[in-house]
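The structure under discussion appears below in the form of structure tokens.
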Amino acid sequence: MHTTISGEGPPLVLIHGWAMHGGVFAPLVERLRDRYTLHLVDLPGHGLSRDDATPLAFDAVCDALHAQLPVAPWIGWSLGGMFALHAAVHAPERVPALVALCSSPCFVRGPDWRYGVSAEIFRDFAKGLGDDYRATLDRFVALEAFGSDHAKDEIRALRAELFARGEPAARVLVDGLHILETADQRPLLPQLRVPSLWIAGRRDRLVDPRAMREAAEIVERAGHAPATFAQIEHAGHAPFLTHVDEVVGHLAEFLVDFPAATGGDA
């Protein structure tokens, strides 16, 4: 699995969302590389990991990343946040802190989870991949930006990154949508034993900020580790593109206790 390393200082791991790659975090890299060594992962089938045969599945991906990454907090955006949550719960000795960035433990609403989107959304995208996958990815980008105060800028930035490292493999696009449609990680939340930060965009139309607030509250009620919820008022699904200074401010406050603890040792 390809990882781009940038900056110097204590390590941080960043995991991108569906159909993207580590390059999407460029605005965060600009702000953080003077303080941290950033490990920007391209998930299997994405970006420069397009030919990586690792299954896009929680155990397989996290096991592979633990073998090649230093001990460090993980920041996961959208789908990437689900991988980061899995890693933090199952290997807290490798992931001493978790940042979920516009990521929910359950993306689809159900009888006991009202903050998700309709499962049909992901099914429609999955069907569209077979018909016209480029148009489907473009529609997904539009959904990610919808609601943001800077929607046009966000769409432009996401479109520019989409194929910047080549086209994602068809198999992982399907597998990623299946995860978003079916995965329910809420049972993991009471098991989380490392500090976590949940950053939401109030205008996010893909991940309801109330889902993230509820996730943080579940972690807090379990009593094993502190959980902090932060909301960026005018942001959509990718606040690191449109409100990067606010994202960095929340990260700096949260991560202040971790440089000495992580140390960067593999």
Between Asp42 and His2, is there a side-chain donor-acceptor contact under 3.5 Å, judged purely by atom types and distance? no
Separation of Phe83 CZ from Ile179 CD1 (nearest 0.5 Å): 4.0 Å
Examine distances only and state if a side-chain atom of Glu154 and a backbone atom of Ala238 form a donor-acceptor pair shorter than 3.5 Å. yes
Determine whether a donor-acceptor pair (N or O, by modelled atom type, separation under 3.5 Å) exists between the side chain of Arg205 and the backbone of Arg203. yes
Calculate, to the nearest 0.5 Å, the distance between atoms OG and CG belonging to Ser6 and Leu40 respectively. 6.5 Å
Taken to the nearest 0.5 Å, the spacing of Leu69 CG from Leu12 CG works out to 11.5 Å
From CA spacing to verdict: salt bridge (charged side-chain N to carboxylate O under 4.0 Å, His left out), Asp124, Lys127: CA-CA 5 Å; Asp124 288 346; Lys127 180 180 182 300; over 6 Å; no
Is any side-chain heavy atom of Glu253 closer than 4.5 Å to a side-chain heavy atom of Thr228? no
Would a 4.5 Å heavy-atom cut-off, applied to side chains only, mark Pro239 and Glu246 as touching? no
Should Asp63 and Val61 count as side-chain neighbours, where that means a heavy-atom distance under 4.5 Å? no
Can you tell me which residue among Phe140, Phe107, Tyr133 is in a ring-ring contact (aromatic ring centres under 6.0 Å, His included) with Phe125? Phe140
Side chains of Leu173 and Leu177: does their closest heavy-atom pair fall under 4.5 Å? no
Answer yes if the side chains of Asp59 and His86 hold a donor-acceptor pair under 3.5 Å, and no otherwise. yes
Restricting to non-hydrogen atoms, name the atom on Val219 and the atom on Ala225 that form the minimum distance, rounded to 0.1 Å. CG1-O, 3.8 Å
With side-chain contact (heavy atoms from CB on, under 4.5 Å) as the criterion, how do Ile5 and Leu38 come out once you've worked through the C-alpha distance, each side chain's angles and the decisive distance to 0.1 Å? CA-CA 6 Å; Ile5 300 175; Leu38 304 169; over 6 Å; no
Residues Arg171 and Ala53: closest non-hydrogen pair is NH2-CA, 3.7 Å
How close do Ile199 and Met212 get, heavy atom to heavy atom, and via which atoms? O-CE, 3.3 Å
Taking the six-membered ring of Phe229, is NZ or CZ of Arg210 closer than 6.0 Å to its centre and within 45° of its axis? no
NE2 (His21) and CG (Leu43) are apart, to the nearest 0.5 Å, by 11.5 Å
Would you say that Ile75 contacts Leu251 through its side chain, given a criterion of any heavy-atom pair below 4.5 Å between the two side chains? yes
Answer with yes or no whether the hydrophobic clustering places Met20 together with Leu48; edges join I, L, V, M, F, W, Y residues whose side-chain heavy atoms lie under 4.5 Å apart. no
So His90 and Phe58, do their side chains get closer than 4.5 Å, heavy atoms only? no
Which residues pass the ring pair (Phe, Tyr, Trp, His ring centres under 6.0 Å) test with His243, sequence neighbours left out? His150
Smallest heavy-atom separation, Ser118 atom then Val108 atom, equals C-CG1, 4.4 Å
Gln68, CD atom: more than 12 neighbouring heavy atoms under 6.0 Å: yes
So, do His46 and Trp18 have ring centers that fall under 6.0 Å from each other? no
Could you tell me whether the side chain of Pro44 reaches within less than 4.5 Å of the side chain of Pro55, counting heavy atoms only? no
Report yes if the side chains of Arg156 and Val141 come closer than 4.5 Å at any heavy-atom pair, otherwise no. no
To the nearest 0.5 Å, what is the distance between CE (Met82) and CG (Asp184)? 7.5 Å
Quick one: do Arg33 and Glu8 satisfy salt bridge (charged side-chain N to carboxylate O under 4.0 Å, His left out)? Show the steps, please. CA-CA 6 Å; Arg33 66 185 176 188; Glu8 59 181 48; over 6 Å; no
Looking only at atom types and distance, does a side-chain atom of Arg165 sit under 3.5 Å from a main-chain N or O of Glu161, one as donor and one as acceptor? no
Trp198 (side chain) donor-acceptor with Gln231 (main chain) under 3.5 angstrom: no
Using side-chain contact (heavy atoms from CB on, under 4.5 Å), reason through Val89 and Leu98 one step at a time and then give a plain yes or no. CA-CA 9 Å; Val89 169; Leu98 163 70; over 6 Å; no
Could you give me the CA-CA distance, side-chain angles and deciding distance for Arg134 and Asp138, then say whether side-chain contact (heavy atoms from CB on, under 4.5 Å) is met? CA-CA 6 Å; Arg134 282 180 172 267; Asp138 198 59; over 6 Å; no
Within 6.0 Å of NE2 in His178, more than 12 heavy atoms from elsewhere: no
ILVMFWY cluster, Leu197 and Val244 together (side-chain gap under 4.5 Å): yes
Residues Pro73 and Pro96: closest non-hydrogen pair is N-CD, 3.9 Å
Test salt bridge (charged side-chain N to carboxylate O under 4.0 Å, His left out) on Arg186 and Asp112; report intermediate values, then the result. CA-CA 11 Å; Arg186 286 177 293 163; Asp112 61 343; 3.4 Å; yes
Is there a path of hydrophobic side-chain contacts, each under 4.5 Å between heavy atoms of I, L, V, M, F, W or Y residues, that connects Phe122 with Trp113? no
Take atom CZ in Arg114; do more than 12 heavy atoms of anything else shown fall under 6.0 Å from it? no
What orientation do Trp77 and Phe25 show, parallel under 30°, tilted 30 to 60°, or perpendicular over 60°? perpendicular
Where the side chain of Asp52 meets the backbone of Gly45, is there a donor-acceptor pair that is under 3.5 Å apart? no
Set of ring pair (Phe, Tyr, Trp, His ring centres under 6.0 Å) partners for His224, sequence neighbours left out: none
Would you find a donor on one side and an acceptor on the other, under 3.5 Å apart, between the side chain of Ser103 and the backbone of Ser78? yes
Is the distance between the ring centroids of Trp74 and His16 less than 6.0 Å? no
Under the criterion side-chain contact (heavy atoms from CB on, under 4.5 Å), I'd like the reasoning laid out for Tyr115 against Glu214: C-alpha separation, chi angles, the key distance, then a yes or no. CA-CA 9 Å; Tyr115 300 133; Glu214 176 69 14; 4.2 Å; yes
In this structure, CD of Glu181 is separated from CD1 of Ile121 (nearest 0.5 Å) by 11.0 Å
What one should report as the nearest heavy-atom pair of Leu241 and Ala157 is CD1-CB, 4.0 Å
Treating Ser196 as the side-chain partner and Ala227 as the backbone partner, does any N or O pair qualify as donor plus acceptor under 3.5 Å? no
Distance-only, no hydrogens or angles: does the Glu167 side chain make a donor-acceptor pair with backbone N or O of Phe163 under 3.5 Å? no
